[in-house]
There are 2 protein chains.
Amino acid sequence: MDKALLEASFKHYFDQMGYGIDWQYFTQSMQIQPVRKGEFLFQQGEKVDRLYFLHTGQVRYVSVSETGKEYTQSFAKSPRIIGSTRATIKGTKALFGIQALEDCMIISYPWHSFFDEMRQDKGFLECYCHFMEQIFILKEEKESSFVKDSAEKRYLDFCVDYPELKDKIPQQQIASYLSITPVALSRIRQRLKRT
Amino acid sequence: MDKALLEASFKHYFDQMGYGIDWQYFTQSMQIQPVRKGEFLFQQGEKVDRLYFLHTGQVRYVSVSETGKEYTQSFAKSPRIIGSTRATIKGTKALFGIQALEDCMIISYPWHSFFDEMRQDKGFLECYCHFMEQIFILKEEKESSFVKDSAEKRYLDFCVDYPELKDKIPQQQIASYLSITPVALSRIRQRLKRT
DNA sequence: AGAAGGAATTAACCCAGGTTAATTTTGAGA
DNA sequence: TCTCAAAATTAACCTGGGTTAATTCCTTCT
């Protein structure tokens with residue numbers, strides 16, 4: 001794997017947002033990490049102290065309740081920063097795990113030293129705010145669809161939002177994203193077929 | 001109303017978070033705005049271009065669906081920044097309104113000039129990131145309780161989280177926060193009484 | 001190709017919460 | 001204090017999704 005290329009991809013991701021980040025601060029050691037389909041980047045409950053950047057591939061954020069039911073919080077597609085902002089910032093355990101939906105290439109940096117250097121940089125802070133805003137808006141949209149829409153509507157929305165995943169990942173995972181059982185999803189699909 | 005006092009309260013709110021904000025940048029004209037119980041600071045669909053600070057009182061964030069059903073997204077208690085980050089940043093219409101649950105005192109500043117000055121200030125940016133993180137964490141918690149808990153559990157949690165609101169606001173509003181009908185909430189309360 | 005284990009479908013039954021509507025309680029204004 | 005409208009309760013009925021379990025359909029491994 002070409003390290004310089006990955007690093008360039010990472011920087012390009014930030015730069016294209018239009019914030020002037022001063023990369024001279026950026027001297028951290030990068031780590032390259034391939035993650036195979038089905039494997040976890042990290043599991044729920046682990047401490048996360050790195051900033052992850054998904055260079056290629058797709059992942060899902062998944063949490064498991066005490067009663068053993070899994071819930072897919074969201075999907076993410078490269079190129080993108082991934083990880084648990086919450087856990088990383090607070091230094092606590094992650095409330096969810098990140099699982100590869102296909103073979104992925106992920107690079108990472110130690111968060112604290114990264115952030116300590118980067119907080120010196122206004123461009124980075126702005127960029128970070130922007131990132132927070134984006135996932136915040138996504139969360140708001142998911143919340144509202146939860147409250148307002150039926151499971152059927154949410155499934156149809158899913159098919160539009162993630163056409164590439166619709167026939168690629170197991171239905172269980174789709175069901176857990178919609179927060180229904182696989183049985184209920186199967187019923188919905190059947191209902192849709194018949195019309 | 002003592003303008004200097006309000007301004008001090010606003011600054012104190014930021015300062016206590018421990019970020020060194022350079023208030024010399026802060027030359028914006030402040031606007032004082034009392035909002036009476038039941039009135040709206042702004043309605044869903046309005047353009048919001050001010051930064052609001054809730055000095056005293058409590059409010060709720062409420063959105064109305066196309067079918068006319070209202071949903072209470074969250075409650076906020078002074079002292080706190082309130083408003084629609086999303087709408088303010090993007091310059092779009094607010095997806096919810098803010099209604100006073102009691103007589104409130106609110107101060108505000110024009111957002112864009114405020115932010116343009118403040119983005120010069122690293123302390124402010126950090127503080128803003130921190131604010132985003134906080135509401136983000138709240139959103140995550142609400143999402144997870146939605147998926148994992150029954151309406152009854154959510155009502156009991158509400159009673160713990162907002163003891164001061166439990167007997168103060170109409171049950172309709174509590175129901176709309178739990179995302180159930182007032183009828184269902186009444187049933188739940190009755191069930192709880194009987195045990 | 002055959003075996004085995006997981007994924008999806010289908011069916012039967014249950015229950016929480018929605019809907020509608022009638023009834024009672026509450027509270028603000030005259 | 002009385003009045004009237006809005007809020008809350010209660011009842012009857014309905015529906016979507018959960019649960020369990022049996023069956024079929026893939027995959028993948030040998």
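Note on naming: letters A, B, ... go to the chains in the order of the sequence lines (proteins, then strands), and numbering restarts at 1 for each one. None of these values were measured; they are calculated from a predicted model.
A salt bridge between B:Lys139 and B:Glu143 is absent, with no side-chain N of the basic residue lying under 4.0 Å from a carboxylate O of the acidic one. A salt bridge is absent between B:Asp103 and B:Lys37: the closest approach of a Lys/Arg side-chain nitrogen to an acidic carboxylate oxygen does not fall below 4.0 angstrom.
Between the B:Thr88 side chain and the B:Ser84 main chain, a donor and an acceptor come within less than 3.5 Å of each other. A:Glu39 places a side-chain N or O within 3.5 Å of a backbone atom of A:Arg36 that can act as its donor or acceptor partner. The backbone N or O of A:Gln73 sits less than 3.5 Å from a side-chain atom of A:Lys142, completing a donor-acceptor pair.
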Show me the protein contacts with nucleotides 26-28 of chain C, counting only N or O atoms at under 3.5 Å.
none

Reading nucleotides 6-20 of chain C 5' to 3', which nucleotides get B (base under 4.0 Å from a protein heavy atom), which S (sugar-phosphate only), which -?
-SSSBBB----BBBB
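In this structure, the separation between CD on B:Glu7 and CD1 on B:Ile107 is 7.0 Å, given to the nearest 0.5 Å.
Note on A:Phe131: it clusters hydrophobically with A:Trp23, by side-chain heavy-atom contacts below 4.5 Å among ILVMFWY residues.
Between its opening and closing five pairs, the helix from C:dA1-D:dT30 to C:dA30-D:dT1 changes axis direction by 40°, a value rounded to 10 degrees.
Stacking of A:Lys77 on the aromatic ring of A:Tyr162 is not recorded, the 6.0 Å distance cut-off and the 45° axial limit not both being met.
The aromatic rings of A:Phe53 and A:Phe10 stand perpendicular to each other, their planes meeting at an angle above 60°, with 30° marking the opposite boundary.
Side chains of B:Phe75 and B:Asp161 form no contact here, defined as non-hydrogen atoms less than 4.5 Å apart.
Distance OH (B:Tyr155) to P (D:dA8): 11 Å, rounded to an integer number of Å.
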